[in-house]
Protein chains: 2
Amino acid sequence: MATRTRRPDRRQEPLSRERIVTTAVELLDTVGEGGLTFRALAERLATGPGAIYWHVTGKAELLGAATDAVIGATAVKDAAATPQETIRALALGLFDSIDAHPWVGTQLARSPSQPPMLQVFESLGRQVQALGVPDEAQFTAASALLNYILGVAGQNAANARTVRPGTDRTEFLDATATAWEELDPDRYPFTRHVADRLRRHDDRAEFAAGIDLILAGITARP
Amino acid sequence: MATRTRRPDRRQEPLSRERIVTTAVELLDTVGEGGLTFRALAERLATGPGAIYWHVTGKAELLGAATDAVIGATAVKDAAATPQETIRALALGLFDSIDAHPWVGTQLARSPSQPPMLQVFESLGRQVQALGVPDEAQFTAASALLNYILGVAGQNAANARTVRPGTDRTEFLDATATAWEELDPDRYPFTRHVADRLRRHDDRAEFAAGIDLILAGITARP
DNA sequence: ACCTGAACACCGTTCAAGT
DNA sequence: ACCTGAACACCGTTCAAGT
């Protein structure tokens, strides 16, 4: 009887766009941005590379779909107490997604206002309206927030790419701090001045502080 | 006699790192990011691809050197009247460089705090100090400015990549505005609300407005 | 010391042929 | 309708051989 039990054998499930995208995300998460290859993907799916093209037009679309899959899972609920808190929650949700999947950062920084980012822009914009920002200033405010978020996303992804896989955050920050402290004092006084701060640095908190700074700018009435 | 005149024949100049980087920038500017190939580069330099490797360790370094060459040329003079104006001038200088060479945007958004960006961070930081920002807040302020700049850089580069070469800015913005106006009113009220603004949109002015917003946040004392 | 260019080990993508 | 996998047209990089 045991041999007759129908256990779900992934290899036998029919190929589908969904299964391709899921596997692509797995590959991206485990092997990194350079690891997503049509050949590697085909092997994991137990087919030839050509099969994938029947469900997906090419690598660009695949990368886009993988990004959508991750970002789409970041719940965008306009629910918190104040607009400021909602914006902060939204931004931190994105930060966490990107932190967990660094390749998403690269992708977002590369691709223009596609579906997932448009959704974020919309959510940011609504909260900017709720903040009582005058009509003409709303676009600028929402854009500034989005651009800041995308900038951090790109840098995070770049750091994840640079650091050799073994290193943890503390070690990396410590190495950077030491490097900064060895810079030419005449040319880099400020960088040296803030170098030691890196050792007590919390990326996430720093990111949130940046959001707060922009929010302060948005709500400051001259 | 004419045949004896020594006219500078580029093909006969010896290969040098400098000549390689200059040619790479030309290639990047004319053929785009996908056009920089060791084979194409070698052809322009009238050699084989292998020769380039004697002067440069690989493509990553070449891309970095090309970026340095462009950004390094962006004069970083801490000279304007107020710190605010200096920061704005610095940011706009970067914006213009990236606008002229979109591939620089991609590169900056990808590579972490390398030489050219460290220089920008330093300059921003000094002005933040000049603004009288308290010690503990200086790092956050300089980072927020830099991340915003990098975010815009990445988006600009992405747009330049998306648009088919013929299209001019106005045409592109108009098409985006129309697309936004056709979005589902229930899901995208804000985006639709600001869509028409795109038709009178000035990227550069918008970028500067974002800088001003962050500056307002930095100088706002709670 | 510096250059040459064939060769290696990959890519993404296509497509005739199968089921 | 969907899958297969060999083949095409590229890459970046290496390296023996040249000058």
Side-chain angles (χ1 to χ4, degrees), chain A residues 8-68 103 106-107 110-111 158 161-162 164, chain B residues 8-68 103 106-107 110-111 158 161-162 164:
Chain A
D9 186 345
R10 297 311 238 51
R11 318 230 147 198
Q12 306 218 353
E13 274 173 36
L15 208 51
S16 66
R17 201 186 137 90
E18 200 198 328
R19 208 154 82 83
I20 290 171
V21 173
T22 307
T23 311
V25 170
E26 281 171 22
L27 218 40
L28 252 0
D29 284 344
T30 54
V31 207
E33 314 188 30
L36 182 63
T37 280
F38 275 82
R39 270 162 254 253
L41 191 55
E43 203 190 354
R44 281 220 185 194
L45 293 164
T47 23
I52 298 166
Y53 283 85
W54 204 91
H55 300 272
V56 143
T57 55
K59 193 167 187 181
E61 195 200 304
L62 183 56
L63 241 13
T67 306
D68 284 18
W103 53 272
T106 316
Q107 201 51 27
R110 285 181 63 88
S111 82
R161 220 181 292 115
T162 307
R164 52 190 175 81
Chain B
D9 185 344
R10 297 310 239 52
R11 316 231 148 196
Q12 306 218 351
E13 274 173 36
L15 209 51
S16 66
R17 201 187 138 89
E18 201 198 328
R19 209 155 81 81
I20 291 171
V21 173
T22 307
T23 311
V25 170
E26 282 171 23
L27 218 40
L28 252 1
D29 283 344
T30 54
V31 207
E33 315 189 29
L36 181 63
T37 281
F38 276 81
R39 270 161 254 253
L41 191 54
E43 202 189 357
R44 282 219 184 193
L45 293 164
T47 24
I52 298 165
Y53 283 85
W54 203 92
H55 299 273
V56 142
T57 56
K59 193 167 187 181
E61 195 200 306
L62 183 56
L63 240 13
T67 305
D68 283 19
W103 53 272
T106 314
Q107 200 52 26
R110 282 182 63 89
S111 82
R161 221 180 293 117
T162 308
R164 51 192 176 79

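Just so it is clear: chains get the letters A, B, ... in the order the sequence lines come, proteins before strands, and each one is counted from 1. In what follows, every heavy atom counts, from backbone to side chain, and hydrogens, waters and symmetry copies are set aside.
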**Study point:** Atom pair NZ (B:Lys59) and CD1 (B:Ile52), whose distance is rounded to the nearest 0.5 Å
**Key:** 11.0 Å
Review point. So how far is it from A:Asp68 CG to A:Gln107 CD, rounded to the nearest 0.5 Å?
Key: 9.5 Å
Check your understanding: What heavy-atom pair brings B:Leu15 and B:His55 nearest, and what distance separates the two atoms?
Key -> O-CE1, 3.5 Å
Check your understanding: Between atom CZ in A:Arg17 and atom C1' in D:dA1, what is the gap in whole Å?
Key -> 18 Å
Check your understanding: Any side-chain heavy atom of B:Tyr53 sitting closer than 4.5 Å to one from B:Leu62?
Key -> no
Practice item. Take the protein atom CD1 of A:Ile52 and the nucleotide atom P of C:dC15, then report the distance between them rounded to whole Å. Key: 17 Å
Review point. Which stems, defined as runs of 3 or more consecutive Watson-Crick or G-U wobble pairs with both pairing distances under 3.5 Å, involve DNA chain D?
Key: C:4-8 with D:12-16, C:12-16 with D:4-8
Review point. Among all residues two or more places apart in sequence or in another chain, which pass the side chain to side chain donor-acceptor pair (under 3.5 Å) test with B:Glu61?
Key: B:Arg17, B:Thr57
Hey, can you pull the donor-acceptor pairs under 3.5 Å for the side chains in residues 32-41 of chain A, sequence neighbours left out?
from, atom 1, to, atom 2, distance (Å)
A:Glu33, OE1, A:Thr106, OG1, 3.3
A:Glu33, OE2, A:Thr106, OG1, 2.9
A:Glu33, OE2, A:Arg161, NE, 3.4

Check your understanding: For every nucleotide of nucleotides 7-14 of chain C, 5' to 3': is a protein heavy atom under 4.0 Å from its base (B), only from its sugar-phosphate (S), or from neither (-)?
Key -> B---BBBB
Review point. Once you round it to whole Å, what is the distance between P of D:dC3 and CG of A:Leu41?
Key: 13 Å
Review point. Can you name the residues that form a side chain to side chain contact (heavy atoms under 4.5 Å, CB included) with A:Thr30, not counting sequence neighbours?
Key: A:Arg44
Exercise for review: Over all heavy atoms of both residues, which pair between A:Pro49 and A:Ala42 is shortest? Give the atoms and the distance, please.
Suggested key: N-CB, 3.5 Å
Review point. Taking NE2 from B:His55 and P from C:dA1, how many angstroms apart are they, rounded to a whole number?
Key: 13 Å
